Trainee: 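Below is the structure I would like to discuss, written out as structure tokens.
None of the values given here were measured: they were computed from a predicted structure.
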Amino acid sequence: LQTDLGQNLSALQVVYSSPTLMAGDPRFVAEVQQSMAGVPAQPGVQRVVLHMANPRQVAPDGHTAYEQVVLSSTPEDSPGLLPGIQAAIGPAAHLQVTVAGGPVFYSDIVRLTSSDLRRAETVALPIAAIVLVLVFGSAVAAGVPLVIGGASVLITLALIALIAQFTQMSIFVLNVATMLGLGLGVDYALFVTNRFREEIGRGSVEHALAATMATAGRAVFFSGLTVCVGLLALVSFDFMMLRTEGLAGSLVVFMTVIGAMTLLPAILGVLGSRINALAVRLPAANVGRFWHTLAYRVMARPVAVIVPVLAVLLVLGWPVQNIDLSSPDASILPPGVPSRQGFDQLQQAFGPGALDPTIVVITSGTPILSSDNIGQLYDFTQRLSRDLRIARIDSVVTIDPRLTKAQYQLLYANPASIPDRYAQALAASTTRGHTAVLDVISRYPSLSAESRGIVAETRELARQYPGWQVQVDGGAAEVTDVVDRLYSQFPVAILFITVSTYVLLLVLLRSLVLPLKALLMNALSLIASYGALVWVFQEGHLSGLLHFAPLGFIEASLPIVMFCTLFGLSMDYEVFLLSRIKEAYEATGDNTRSVAEGLQSSGKIITSAALIVVCVSLSFVSADIVLIKALGLGVAVAVAVDATIVRALLVPATMRLLGKWNWWLPGAMPLGGPAPSPSGRGLG
């Protein structure tokens with residue numbers, strides 16, 4: 001399209017409409033010409049096609065028309081040109097004027113992403129502070145995790161700004177980095193600070209710090225590695241958005257771990273026993289005893305716990321079987337945003353598929369307007385138009401349904417002197433040399449299953465014309481190709497994450513069984529969050545409460561981003577819990593007792609940490625952009641399920657059933673010494 005036909009797909013549509021005037025009325029035409037007079041001279045404008053020159057730019061009812069402003073840059077780079085162009089569009093006294101198109105969409109995405117980020121930070125930080133005060137009962141102790149989380153986010157955003165000077169970065173990396181940085185920064189500092197407060201009463205500050213970093217610090221280090229592994233898997237995909245989100249996510253996790261390993265112990269060393277200063281009086285509650293009792297009750301009837309819990313998780317994940325993957329358009333924006341208004345107006349006036357057709361580019365070994373090629377083009381379009389999903393086909397051989405194949409061949413017999421002016425203009429804009437372009441207009445939205453079916457049928461039909469090279473473009477083709485490519489690469493990312501995580505947990509826990517169990521627990525949390533996504537954002541439940549219009553699909557990259565993010569994020573709590581259980585097991589050799597003691601010592605902190613991550617994630621549910629809203633809800637659901645149902649019920653129940661096999665490790669494996677057993681010797 002660009003090299004052979006000179007077409008630039010970056011364009012604005014300036015929409016004019018009137019409830020009384022028709023597009024052909026002299027007053028309508030005069031007001032459009034006056035309004036658009038200054039646009040062609042604006043920087044970046046390649047050409048302007050008014051509706052008077054192209055009847056296809058007039059809606060069927062005649063009351064709406066759009067003027068095509070073709071730009072010289074890509075849609076992603078065009079927002080910088082918008083202010084000048086929009087300022088050059090003059091008012092029209094009797095017409096409503098709206099600007100639509102890819103550049104306006106990208107501009108609104110950038111603006112709304114920034115406002116969503118500010119709103120989320122405004123909501124998340126105060127809630128995190130309140131939770132930390134309730135956990136620690138000390139304003140000083142509560143402030144330490146906020147400092148670490150804030151520092152991690154600030155440094156990462158500065159590094160992202162630096163990297164963006166040299167390469168493109170997706171606008172969504174800001175939200176991903178902030179969500180992960182605040183959530184993990186506060187989480188890691190919470191675990192380390194809590195352990196330091198336990199140790200400070202047992203000796204000197206130096207001893208407390210050493211013991212803290214050897215236990216909680218080690219767990220934070222391995223936890224950070226597991227999160228980094230998941231996010232780095234995003235870098236392996238072909239798509240820039242996923243690569244940059246993986247890069248930014250890994251960067252913020254790396255900075256968070258560095259902060260927890262260096263800045264945090266330095267702050268704790270300075271504070272010492274003053275970590276408990278500015279105490280806040282709270283009602284007394286023996287939370288540890290609750291977790292201890294819960295663990296024993298669960299382990300007393302493990303099967304009776306496992307069966308209903310699995311049933312609940314599977315019910316939560318059940319909607320995922322109906323998932324429909326697609327790519328976003330302006331429908332992900334709120335209805336009041338200008339680009340969304342223009343998108344809705346054009347769809348309503350011209351039909352759902354008129355402005356995003358399936359574009360078929362045909363290249364032949366001989367001149368495209370030769371008699372043989374015109375005959376084949378006629379046959380191709382006639383066969384394709386039998387599909388009831390297709391509204392019409394715009395091409396050099398579909399000008400008038402009354403014309404026969406022979407008449408079209410006669411019409412284009414001399415390409416240099418085509419007798420009909422409309423056919424001449426159409427041939428000049430849609431053919432050149434050996435190449436022709438056809439626009440296939442669907443009766444359905446471009447992202448629908450019906451339009452994707454048109455793409456598949458077109459490609460299948462093209463195989464019957466071996467003398468041609470046929471390529472298909474447009475929104476429906478993009479969805480098809482993106483989904484196919486993403487999910488052909490996804491299994492490789494899953495394998496990389498699961499194997500790497502298993503090895504890291506094997507080194508940390510010195511067990512062949514526990515890492516496998518942890519992977520299965522994570523899978524259950526993910527399935528539940530996927531089910532929630534489909535139930536809410538595809539099927540539209542809770543759309544009124546969350547203030548969005550149901551999409552009818554799930555954005556194709558979202559399940560992948562969630563998997564790579566949540567796999568490590570959920571593993572955090574497994575690492576912290578199993579680390580405490582492992583400490584108790586090495587001291588006692590009693591599997592049941594160690595599970596109860598581990599849950600008693602970490603249950604409150606894990607729940608509090610998860611609550612902070614849930615609150616931070618839910619703050620992004622207030623976003624105007626549906627994709628960010630969906631990511632925030634998905635992370636919140638997965639973490640909430642993971643930290644409550646899975647960690648509090650499934651983990652102790654399964655560990656009770658497995659017994660000594662939890663700690664099985666062949667004695668010959670060199671992982672820092674043999675795994676402990678009830679008798680003090682390595683199993684196997």
Side-chain angles (χ1 to χ4, degrees), residues 191-192 194-195 198-199 202 211-212 214-220 222-223 286-306 309 502 504-522 571-607 609-610 642-667 669 671-684:
F191 283 107
V192 173
N194 181 70
R195 187 59 182 256
E198 290 180 19
E199 300 290 344
R202 300 171 184 167
T212 297
T215 52
R218 184 170 184 262
V220 164
F222 277 91
S223 173
N286 192 349
V287 179
R289 189 64 192 170
F290 164 78
W291 290 107
H292 187 271
T293 303
L294 177 64
Y296 271 112
R297 287 183 176 178
V298 168
M299 288 187 288
R301 299 176 182 83
V303 176
V305 171
I306 290 173
V309 168
Y502 182 88
L504 286 171
L505 294 180
L506 175 63
V507 173
L508 173 67
L509 301 172
R510 295 192 302 160
S511 164
L512 289 176
V513 176
L514 286 180
L516 181 60
K517 185 178 69 67
L519 294 175
L520 294 175
M521 299 293 105
N522 264 22
M571 196 63 73
D572 270 358
Y573 308 115
E574 185 82 8
V575 168
F576 294 130
L577 175 57
L578 293 181
S579 295
R580 294 305 293 257
I581 293 174
K582 180 172 177 288
E583 279 185 56
Y585 187 72
E586 289 176 338
T588 65
D590 185 327
N591 180 73
T592 303
R593 180 181 170 186
S594 65
V595 172
E597 290 183 0
L599 197 59
Q600 179 180 2
S601 58
S602 64
K604 174 186 174 182
I605 296 301
I606 288 176
T607 306
D642 192 79
T644 53
I645 298 176
V646 173
R647 303 301 160 214
L649 300 175
L650 269 188
V651 169
T654 53
M655 292 194 76
R656 175 68 180 85
L657 282 180
L658 290 170
K660 67 178 183 179
W661 294 106
N662 285 308
W663 312 102
W664 179 66
L665 180 73
M669 296 188 72
L671 294 173
S677 70
S679 62
R681 297 184 298 275
L683 292 174

Trainee: Please say whether more than 12 non-hydrogen atoms of neighbouring residues, nucleotides or ligands are located less than 6.0 Å from CZ in Arg297.
Mentor: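 It does not: Arg297 CZ has 12 such atoms or fewer within range.
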Trainee: Let me see the working for Trp663 and Lys582 under side-chain contact (heavy atoms from CB on, under 4.5 Å), right down to the final yes or no.
Mentor: CA-CA 9 Å; Trp663 312 102; Lys582 180 172 177 288; 4.0 Å; yes
Trainee: Can you check whether Pro652 reaches Leu294 side chain to side chain, under 4.5 Å on heavy atoms?
Mentor: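 Answer no - side chains too far apart.
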Trainee: Roughly how far, to the nearest 0.5 Å, is CG of Leu505 from CG of Leu516?
Mentor: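 Leu516 atom CG to Leu505 atom CG measures 10.5 Å (nearest 0.5 Å).
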Trainee: Quick check for you: to the nearest 0.5 Å, what is the distance between Leu508 atom CG and Leu578 atom CG?
Mentor: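 CG of Leu578 is found 8.5 Å from CG of Leu508.
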Trainee: Using the side-chain contact (heavy atoms from CB on, under 4.5 Å) rule, take Leu665 and Leu506 through it: C-alpha gap first, then chi angles, then the decisive distance, then the call.
Mentor: CA-CA 9 Å; Leu665 180 73; Leu506 175 63; 3.9 Å; yes
Trainee: Determine whether Thr592 and Asp590 satisfy the following criterion, side-chain contact (heavy atoms from CB on, under 4.5 Å), listing intermediate values before the conclusion.
Mentor: CA-CA 6 Å; Thr592 303; Asp590 185 327; 3.8 Å; yes
Trainee: Would you compute the distance between atom CZ of Phe191 and atom OG1 of Thr212 and round it to the nearest 0.5 angstrom?
Mentor: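 With rounding to 0.5 Å, CZ (Phe191) is 14.0 Å from OG1 (Thr212).
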Trainee: Would you indicate whether the side-chain heavy atoms of Pro302 and Leu657 approach each other to under 4.5 Å?
Mentor: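 Yes, close enough: below the 4.5 Å cut-off.
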Trainee: In a check of side-chain contact (heavy atoms from CB on, under 4.5 Å) between Ile581 and each of Asn591, Leu599, Leu514, Val595, which one passes?
Mentor: Val595
Trainee: What I want to find out is whether Arg580 reaches Glu198 closely enough, with some N-O distance under 4.0 Å, to be called a salt bridge.
Mentor: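 Looking at Arg580 and Glu198, the cut-off is met.
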Trainee: With rounding to the nearest 0.5 angstrom, report the CH2 to CE distance, Trp661 to Met655.
Mentor: 15.0 Å
Trainee: Is Arg195 salt-bridged to Glu583, cutoff N-O under 4.0 Å?
Mentor: yes
Trainee: Could you tell me which non-hydrogen atom of Ser594 sits nearest to which non-hydrogen atom of Tyr585, and how far apart they are?
Mentor: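 Nearest pair, atom of Ser594 first, then Tyr585: CB-N, 3.4 Å.
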Trainee: Search all heavy atoms of Met299 against all heavy atoms of Ala596 and return the closest pair with its distance.
Mentor: CE-N, 4.0 Å
Trainee: Which pair of non-hydrogen atoms, one from Gly659 and one from Asn662, has the smallest distance, and what is that distance?
Mentor: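 Distance-wise, the nearest heavy atoms are O-ND2, 2.9 Å.
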Trainee: Testing the basics here: between Trp291 and Thr607, what is the closest heavy-atom pair and its distance to 0.1 Å?
Mentor: CZ2-OG1, 3.1 Å
Trainee: What I'd like to find out is whether the side chain of Arg656 reaches to under 4.5 Å of the side chain of Val298, using heavy atoms alone.
Mentor: no
Trainee: To the closest 0.5 Å, what do you measure between CG (Asp642) and CE (Met521)?
Mentor: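 The distance works out to 9.5 Å.
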Trainee: Report yes if the side chains of Val507 and Phe222 come closer than 4.5 Å at any heavy-atom pair, otherwise no.
Mentor: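 Side chain of Val507 against side chain of Phe222, heavy atoms only: contact under 4.5 Å found.
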Trainee: Could you state the interatomic distance from OG1 (Thr654) to CG (Leu520), rounded to the nearest 0.5 Å?
Mentor: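 Reported value, rounded in 0.5 Å steps: 9.5 Å.
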